[in-house]
Every structure is written in C-alpha cells, then in structure tokens.
Undergrad: 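Here it is: the structure, laid out below.
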Amino acid sequence: MIYTITLNPSVDYVMELESFQEGELNRAKQTNYFPGGKGINVSRVLKRLGANTAALGFVAGFTGNFIQQKLMEEQVNTLLLEVSGESRINVKLKAGDETEINGTGPIVDESAISSLLNQLDSLTTDDFVVLAGSIPSTINPRIYEILIQKCQTKGAKVVLDTGGTVLKELLFYKPFFIKPNHLELAELFGVAIQSIDEVVYYAKKLHDQGIENVVVSMAGDGAVLYTGEGVYLAKAPKGEVKNSVGAGDSLVAGFLAEYVKSGGASEALKFGIASGSATAFSHDLCRSDEVLTTLNEVTIEKWTGKEE
Ligand SMILES: Nc1ncnc2c1ncn2[C@@H]1O[C@H](COP(=O)(O)OP(=O)(O)OP(=O)(O)O)[C@@H](O)[C@H]1O
Ligand SMILES: O=P(O)(O)OC[C@@]1(O)O[C@H](CO)[C@@H](O)[C@@H]1O
C-alpha cells in the first residue's frame, strides 16, 4: 500500500482570467475547485493509475467535507482525521503566468497528531509512505522527523517531497526517494545550478548520503534520476501547458505506481515524467489514458556526461 500524508490539505480554487490587474476588479472567465495538497494529489493520481493508496492527514469544516466528498467520488481511500476549524483554500490564479496564494489551515492539536501516529502502527515492510507538502505553523516543526522515525521503525519506505530546511534536516534519515526540483536542489546546497552536469553532480552527493532514488525535476526540461541502477535523464514532451499545479506530485505518483509494479527505477522515472507532463497538459491532474499517450513521447537516456 502507498500511504500519503498531507498535514494541510486544501481546496484548490483555480481561477482563469484573461489578464490580472493588481488593485483592480478582475473577473474570472472560468473557475474550478479541486481537492488539493501534495499528498492528496499523489493519492488521486495513484488511484487513477490503479495503484493501492490511502490518503492520511487532517481535514476540517466545510472545506474539509468538500475534500472528503471529492475523494470519495473518485474512490480514493481516505483515513483523514477531522479537526476543528476549516481546511484552507488555496487560490491559483492563471492569467498568462500562474500566481498562487495558499491559505493557512486549521489548528491541529496533540491528540490529532497522536491519532495519526497510531494509524501508522499497522505499517509493514511492503508499504511506502509519502510525506509531501508544507508543515502548518500550528504543528510541531519536527513532525516529519517524528513520522519518518515511526515509518522506519515499521520498515516502511519513506518518500519525501518537500524543500527548504525541512528537507535538509531530514536527509539524515535517508528517505527511499526524494524529488526536489532543480531550484530546491540548488537551495539545498546554497549554489546556482545551470547545467544538467551540475544537477547530476549534486544529485550524486545526495545519493552518496544513502538516498536510494534521487529525482531532480526540471519542469519542461524533464528530470534526472540518480539511483543504484545508474543515472538517467528523462526529457519531458512538449505540449501546451494548461496547469502545472500538481505536476511534481504527479511525477511522484507515476514513479511509485510503476516502481511497485516493476521495481525498475528508470522505467519508474519514465512513467513519472509521463504523469507529470500529462498533468501539465490538462486542467486537472492526469488521467491514466493521458499518461499512456504521453508515455510514448518521453525519451530517457543513460547519462554519460553529455547529451547525445
Ligand atoms: N512545461 C512543462 N512541459 C512539459 N512537462 C512539464 C512542464 N512542467 C512540468 N512538467 C512535468 O512535470 C514534472 C514536474 O515538474 P516540476 O519540475 O515543475 O515539479 P515541481 O516543481 O515539484 O512542480 P509543482 O510544485 O508545480 O507541482 C516535470 O519533470 C515534467 O515531467
Ligand atoms: O502549501 P503547500 O503544502 O506547500 O502546497 C500546497 C499546494 O500548493 O501544493 C499542491 C500542488 O503541488 C496543491 O494542490 C496545493 O494547493
């Protein structure tokens, strides 16, 4: 089973506008609501790809009900815990550029945290746990560390998709799979990264620390995978980008869906890129038919130090 943990799920309110004028009344030409939050997105895509998944985390109030209802309609297993307050609304403005305004979220108390930890009692060595997304300010900032320790005690594999100091501190735990984007990778090492060679150089440093699968995503340029199997560069297909929100989460989901089937990291990367790009090319997260079509357009090569 692939569990996802989203500490601060959201309703993603996507507003499409012809143009956006700051300080003026703007009118949207189209609006949409989606259940959101990084782990929730990973579970939604995993479900669409036919993988076994359950979404864990905290929801609250009418927005929390919306999230639960939408996940139920999509038959995504949920073990979401209810807390008081309201789940956040994250506004995604699409007017040429994409601008995001993410809300705050409800207060999560200690008893809710204990309940989440109790849910992890049943983990086994066959399970994966995806920790993705920001930690709300009301939760102990060491929560990911506590969750990772619990998962690893049970022998479950930890997948971590977060950035900043949180990622830096958690490398010590050698997660099974991490997916920083190239900017997060650069921030991690306090450098500017300008070439694929540099991406590979810093991904190797992470792999050498004991992280089995390091995927560095590079938006329209695809991703690099540094793994025991080798180093791979996957090129993303070209297409009209309709929505890049959740593209990274889709990459994580696609990678895991394929990895649990075949155990091959390079095949998993190819599937991950197809999923990320299929999401970028659609309004909502990718569907499995879109992923399969996109898969034919993903090229993957073993990295030898220069592009062939
Ligand atoms: N413009 C694009 N064209 C094609 N594919 C894209 C594009 N943007 C993203 N993707 C796909 O999605 C994957 C993940 O994108 P990205 O590197 O932007 O992740 P991210 O920064 O975690 O994204 P986000 O936080 O927006 O979900 C890429 O590796 C690629 O497969
Ligand atoms: O505020 P966080 O937890 O960093 O990110 C939350 C979020 O922006 O990430 C997802 C896309 O990756 C969206 O569904 C959601 O709104």
Side-chain angles (χ1 to χ4, degrees), residues 4-14 32-45 55 57-58 63 67 70-71 87-94 97-105 130-137 139 143-144 160-164 166-167 178-187 193 199 215-225 232-255 268-282 284-286 290-291 294-295 297-300:
T4 62
I5 301 182
T6 314
L7 299 173
N8 204 355
S10 54
V11 173
D12 287 352
Y13 181 41
V14 184
N32 268 305
Y33 302 85
F34 298 105
K38 296 188 193 301
I40 300 270
N41 292 341
V42 174
S43 276
R44 287 183 71 210
V45 174
F58 307 108
T63 38
I67 295 166
K70 286 291 169 194
L71 293 176
S87 286
R88 62 185 169 154
I89 296 176
N90 291 347
V91 180
K92 316 289 178 182
L93 286 179
K94 293 178 194 290
D97 286 343
E98 289 180 346
T99 304
E100 300 181 58
I101 308 170
N102 285 3
T104 51
V130 180
L131 302 174
S134 57
I135 300 172
S137 58
I139 296 187
I143 180 70
Y144 272 170
L160 189 61
D161 187 8
T162 188
V166 178
L167 174 61
I178 60 172
K179 192 221 68 66
N181 62 32
H182 62 294
L183 299 172
E184 288 163 338
L185 182 72
E187 190 192 349
I193 292 184
V199 170
V215 171
V216 181
S217 65
M218 305 177 298
D221 292 328
V224 165
L225 164 69
Y232 296 89
L233 170 66
K235 292 202 183 137
K238 302 276 171 250
E240 190 200 339
V241 176
K242 295 193 179 136
N243 160 45
S244 71
V245 174
D249 309 329
S250 303
L251 193 171
V252 171
F255 184 98
L269 175 68
K270 194 171 177 197
F271 217 81
I273 293 295
S275 307
S277 296
T279 286
F281 302 154
S282 52
D284 186 9
L285 299 176
C286 54
E290 294 167 335
V291 175
T294 312
L295 194 62
E297 295 162 38
V298 179
T299 58
I300 184 156

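Each ligand, and each atom within it, is numbered from 1 in the order the structure gives. Basis for what follows: all heavy atoms, side chains included, without hydrogens, waters or symmetry-related copies. Source: prediction; values computed, not measured.
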Undergrad: Relative to the heavy atoms of G246, which atoms of ligand 1 are at a distance of less than 4.0 Å?
TA: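 Counting atoms of ligand 1 from 1, those under 4.0 Å from G246 are 27 (O).
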
Undergrad: How far is atom 2 (C) of ligand 1 from its nearest protein heavy atom, and which residue and atom name does that atom have?
TA: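 Scanning the protein heavy atoms, the shortest distance from atom 2 (C) of ligand 1 goes to G220 CA, 3.5 Å.
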
Undergrad: With respect to atom 13 (C) of ligand 1, which of L251, V216, V215 exhibits the smallest heavy-atom separation?
TA: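 Among L251, V216, V215, the closest heavy atom to atom 13 (C) of ligand 1 belongs to L251.
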
Undergrad: Students should be able to answer this: which protein heavy-atom is nearest to atom 25 (O) of ligand 1, and at what distance?
TA: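 Of the protein heavy atoms, K38 NZ, 4.2 Å lies nearest.
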
Undergrad: Hey, does the side chain of R88 reach the backbone of N102 with a donor-acceptor pair shorter than 3.5 angstrom?
TA: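 No, because the side chain of R88 does not come within donor-acceptor range (under 3.5 Å) of the backbone of N102.
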
Undergrad: What are the two closest heavy atoms between T6 and I40, and how far apart are they?
TA: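 Closest approach of T6 to I40: OG1-N, 2.9 Å.
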
Undergrad: Checking the N or O distance criterion of under 3.5 Å, is ligand 1 in contact with V245?
TA: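 Between V245 and ligand 1, no N or O pair is found under 3.5 Å apart.
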
Undergrad: What atoms in ligand 1 come closer than 4.0 Å to a heavy atom of F281?
TA: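 Every atom of ligand 1 under 4.0 Å from some heavy atom of F281: 3 (N), 4 (C).
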
Undergrad: Any side-chain heavy-atom pair from L7 and P136 closer than 4.5 angstrom?
TA: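 Counting from C-beta outward, L7 and P136 do come under 4.5 Å.
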
Undergrad: Measure the distance from atom 26 (O) of ligand 1 to every protein heavy atom, then report the residue, atom name and distance (to 0.1 Å) of the closest one.
TA: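 Checking every protein heavy atom, the shortest distance to atom 26 (O) of ligand 1 gives S244 O, 3.0 Å.
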
Undergrad: Does L167 offer a backbone N or O that forms a donor-acceptor pair with the side chain of T162 under 3.5 Å?
TA: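 Side chain of T162 to backbone of L167: no pair is present.
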
Undergrad: Which part of M218 is near ligand 1, with near meaning a heavy atom under 4.0 Å away: side chain, backbone, both or neither?
TA: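 Near ligand 1, M218 shows its backbone, while the atoms from C-beta on stay back.
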
Undergrad: Which option wins on minimum heavy-atom distance to atom 14 (C) of ligand 1: G276, G248, P180?
TA: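 Heavy atom nearest to atom 14 (C) of ligand 1 belongs to G248.
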
Undergrad: Which of the listed options, A234, C286, A247, holds the heavy atom that is closest to atom 12 (O) of ligand 1?
TA: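 Heavy atom nearest to atom 12 (O) of ligand 1 belongs to A247.
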
Undergrad: Among all protein non-hydrogen atoms, which one is nearest to atom 31 (O) of ligand 1, and what is the separation to 0.1 Å?
TA: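 Nearest protein contact, heavy atoms only, for atom 31 (O) of ligand 1 is S277 OG, 3.0 Å.
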
Undergrad: If we ignore hydrogens and angles and just use 3.5 Å, is the side chain of T4 paired with the main-chain N or O of G39 as donor and acceptor?
TA: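 Flag set: sc T4 to bb G39 pair under 3.5 Å.
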
Undergrad: Is the backbone of G37 close enough, under 3.5 Å, to the side chain of S10 for a donor and an acceptor to pair up by distance?
TA: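 Such a contact is found between S10 side chain and G37 backbone.
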
Undergrad: Identify, for atom 21 (O) of ligand 1, the protein heavy atom at the shortest distance, and state residue, atom and that distance.
TA: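 Scanning the protein heavy atoms, the shortest distance from atom 21 (O) of ligand 1 goes to N181 ND2, 2.8 Å.
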
Undergrad: Taking the minimum heavy-atom distance to atom 8 (N) of ligand 1, which of A219, S217, A132, G254 ranks first?
TA: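 Considering heavy atoms of A219, S217, A132, G254, the nearest to atom 8 (N) of ligand 1 sits in A219.
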
Undergrad: Below 4.0 Å from any atom of ligand 2, which residues have a heavy atom? Give them in chain and number order, please.
TA: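 Within 4.0 Å of ligand 2, protein side: S10, D12, G36, G37, K38, N41, R88, N90, K92, E100, N102, G133, S134, V245, G246, D249.
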
